[in-house]
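To start, the structure under review is shown below, and the notes come after it.
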Amino acid sequence: MDRYNPQEIEKKWQDKWETEQTFCAAPKGKDLPTDLNTPKVFLAEMFPYPSGAGLHVGHVRNFTIVDVLARFYTQQQMNVLRPFGYDTFGLPAENYAIKTGISPQEATKTNIANFRKQLKRLGYAIDWSREINTSDPDYYKWTQWCFLQLYKKGLAYRKESYQWWCPVDQTVLANEQVENGCCWRCGHEVEKKKMKQWFFKITEYADELLSDIDSLDWPDKIKTMQRNWIGRSEGAEIEFEIVSEKSEKSEKSEPKYIKVFTTRPDTVFGATFLVLAPEHPMIKNLVNDKTRNEVEKYQSDALKKSEIERQENKEKTGVFTGSYAINPATGEEIPIWVSDYVLMGYGEGAIMAVPAHDERDYDFAEKFDLPIKEVIEKPENSDDTEKCYHGEGKLINSGHLNGTDSADARELVVNWLSQQGVGKPKVTYKMRDWLISRQRYWGCPIPIAYDEDGNEYPIPEDQLPVVIPEVKDYKPDNTGRSALAKAKDWLTFEMEVKDKKTGKIVRKKLTRETDTLDGYACSSWYLWRYVSAHDKSHAWDSKAVKYWAPTDIYVGADHAVAHLLYIRFWCKFFADQGYLPFREPVKTLLYNGYINAPDGKKMSKSKGNVIDPLDVIDQGYGADTLRTYEMFIGPYDQDAAWDPKSVGGVYRFLNRCWTLCFDEKMQDAKAKADKNRVIRHKTIKKVTDDIHRHNFNTAVSSLMEYVNELYKEKASKEDIITLAKLIKPFAPHLGSEMLEKMQSDDVWPVWDEKYLVSDTVEIVVQVNGKLRAKISVSTDDLEDQEKIEKLALAEENVKKFIPGEVKKVIFVKQAKLVNVVA
RNA sequence: GGCCGAGUGGCGGAAUUGGUAUACGCGUUCGACUUAAAAUCGAAUGAAGAAAUUCAUACGGGUUCAAGUCCCGUCUCGGCUACCA
């Protein structure tokens, strides 16, 4: 017998799969399989960023889950789409280019080639004819097309907003480039700077994004995170009239009201002051000569404050504007303050402060000695010991609403205020519009150009893609623009456009947008590109998307809100435009855990505790052991620590599978009785069910039990074929080799319920819930309750533990258990 | 501070609907094979006890014939979030 040699057989099968293009989901050049009546399954992992370091064990876990499912469903005779791609835009490639001068285009090509080679060595059942790469002009042409669709509908727009800015590097920084309030490159403290930026109007879909979460077969953890991120709050918008300063002469057209958002309109009688965010545009109208300097200083300090400072320093700060407003409920004049505990980006950027019933307002009022007026009576039975009561109760000090329950008062107050024209119900979201412009070179160019007056002109669809120009120096320029601005030939061009004033078609000199799109834009539609990856005339083919999409199972370990929310947003948008026949892109989401180093810590280069999956293969274990081990390591959705010794255990197990198949001494060819029939059928059922439930670890352990049993009893041909088929999703090379040796087909086996029970069963006998005896009866006797109870009570050890009378005997057929209550 | 998880042998973990707690793997010990070692094969392995048995699923209560599983309280750890009015 030849020894199990993974090196040899894995190479053999990988070569075969390569030449035969085994895993193509459709005939060559086609998007769809021939038989469209066969059920389909579309599986994908979150496509990786192809880093120079190559695959790590985390990738392997993620991709192997998809691969097990792809191979399982293939064996179940379904049409399986299992494509692959690379998310190639991003900072590492750009930084690498700045450091080495090697272009991101070049580095990406090299890294993809390395990734592809490594993926093939893992034996993944990938349809390589659909490989995509987001930085390929043939791909990002359609990313730009998507952008233009959103632009056409007003969902891609520009507005001024505050962004992180590094004053040393002269560049805008994304949130992930700000570390502890400092620039990740130079370490200098960052500031907020007002800049004109591009946004996608995701808030337009806030309500649907929230309500459809309920229908998703996604982990609760992710669903909760998305709900919190969207952060819907129902409340009211209330207008407070500003008291104009008597000394000021002019009655200009300046706004006379300050709008606030509150979820507790029932407490309006207790609003004793207003607070505006430092960025609030009306502040300049509220200050007077006495307060102006102090307020302006506070505003500019607030802008400089780093995120960390704001987080650490919860001590309230603020300044009085010098102006007053009228509480519409009480008619009292209340002071208007400015404080950074009010955020400009949420609600109206202004609040009515009710210090008696809001902890933050309470702290502020205490610090600045502002009045605190109770308007909700704490119920007597309340055990709330907080310094201010924020629960429900009866209204007090609230005029005509005294005595009303606070919960009822909310609606009454809003109705009352709206009759006076100073209030209305309002729903507010924490979610903001999605900032998409990046001052970076290595991203998808935004297909927009400007004339001298700054008017926007979309690049016509037939002129896409706007290709990234080659440059020599990848650093951003000193105006905060990306290196794209350095490609002078590219930057300006002439185009026929409709003049904004005259409406005539004129040829104009235009300047291109130098911002590129956030990488998340590129990954917001790639799942649909997979269905017709080489379509030259559409982003995706409507027939192909109708058959294959939405994605049935999507597997990843990251992007709980960002990517997984953006992809839902685009799906709903393109459904509304008639491009997609469904409104949710992913039916089932599997969110796998991380693999940590043997010491339980995160793997990292600096700690030197990284396990390289290719090393594991090359040590002699092979890809099948690596894959099976990572499925066996624990529940797929939990973090796990790498254990080199356990890898050896899985290798031993695969060796035993090999031996059963290739060592004739282990087999019993002439056996008359099918001795292993019960465990064989049980194993088929268990593995099938476990894969459906994504319990990959217990699927593997039940195969181990089966093999242990076959070692005791010797294996029949059918035992070996069944083992080969069941193990193939995990260890595809070994499974294929075994099936070849047995000259078997590759159809997933089915179990027969009638073989799941053996002739005799063991009945557990308890006395008062404690195990006292086990009796063996024939399976038919399970129906005869009286007989079993009699047998149970006759057991010596059972009798011994019955002190007096038998009060009751409980027989549970399904659990094969008798409990004697004595 | 808020929300959500989790706590089972020496270790990773299993127990799917409340029904034999500790499957499977690692480690350890013993045995077989071998001149020897590795590999392989077999056996044992929650704790205490000679045994019968008793005690064990973070801790304290409760419901139930029966609780790792359900309920109440406490502790610990992890994740997310963080002045969202």
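In the text below, chain A, chain B and the rest are named by the order of the sequence lines, each starting its count at 1. Here the structure is a predicted model, which means the values were calculated and not measured. Below, each value reflects all heavy atoms present in this structure, side chains not excepted, and no hydrogens, waters or symmetry copies.
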Is the phosphate of [N], meaning OP1 or OP2, less than 4.0 Å from a side-chain N or O of [X]?
X	N	result
Arg772(A)	U53(B)	no
Ser233(A)	A85(B)	yes
Lys367(A)	C83(B)	no

* **Heavy-atom donor-acceptor pair, Thr698(A) side chain to Asn695(A) backbone, under 3.5 Å** =>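 Indeed, once roles are kept as given, a pair shorter than 3.5 Å links the two residues.
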* Would a distance-only check, ignoring hydrogens and angles, find a side-chain to backbone donor-acceptor pair under 3.5 Å from Arg627(A) to Gly622(A)? ->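 No, Arg627(A) side chain to Gly622(A) backbone: no donor-acceptor pair under 3.5 Å.
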* Give a yes/no verdict on a cation-pi contact between Lys316(A) and Tyr341(A), requiring under 6.0 Å between NZ or CZ and the six-membered ring centre and an angle within 45° of the axis. =>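 Yes, a cation-pi geometry holds between Lys316(A) and Tyr341(A).
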* Do Tyr429(A) and Asp207(A) have side-chain N/O donor and acceptor atoms under 3.5 Å apart? ->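 A donor-acceptor contact under 3.5 Å links the two side chains.
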* Between Val820(A) and Glu705(A), just flag the one whose closest nucleotide in RNA chain B comes earlier from the 5' side. =>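 It is Glu705(A), whose closest nucleotide lies nearer the 5' terminus.
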* Using a 4.0 Å heavy-atom cut-off, write out nucleotides 10-21 of chain B from 5' to 3' as B (base contacted by protein), S (sugar-phosphate only) or - (no contact). => --BSS-BB-BB-
* Asked: Taking the same atom, C1', in U34(B) and in U40(B), what whole-Å distance lies between them?
  ->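 Comparing C1' positions in U34(B) and U40(B) gives a spacing of 12 Å.
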* Asked: If the P atom of G46(B) is compared with that of C11(B), how far apart are they to the nearest Å?
  ->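 That atom pair is separated by 14 Å.
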* Asked: Should G9(B) be called syn or anti, with syn set as within 90° of 0?
  ->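 Chi for G9(B) falls in the syn range.
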What nucleotide among [options] has an atom nearest to a side-chain atom of [X]?
X	options	answer
Lys316(A)	C83(B), C55(B), C41(B)	C83(B)
Asp340(A)	C83(B), G42(B), A85(B)	C83(B)
Leu343(A)	A85(B), G25(B), G42(B)	A85(B)
Tyr341(A)	C83(B), G42(B), A85(B)	C83(B)

* **SB check Glu237(A) Lys259(A) (cutoff 4.0 Å)** =>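 Yes, this pair counts.
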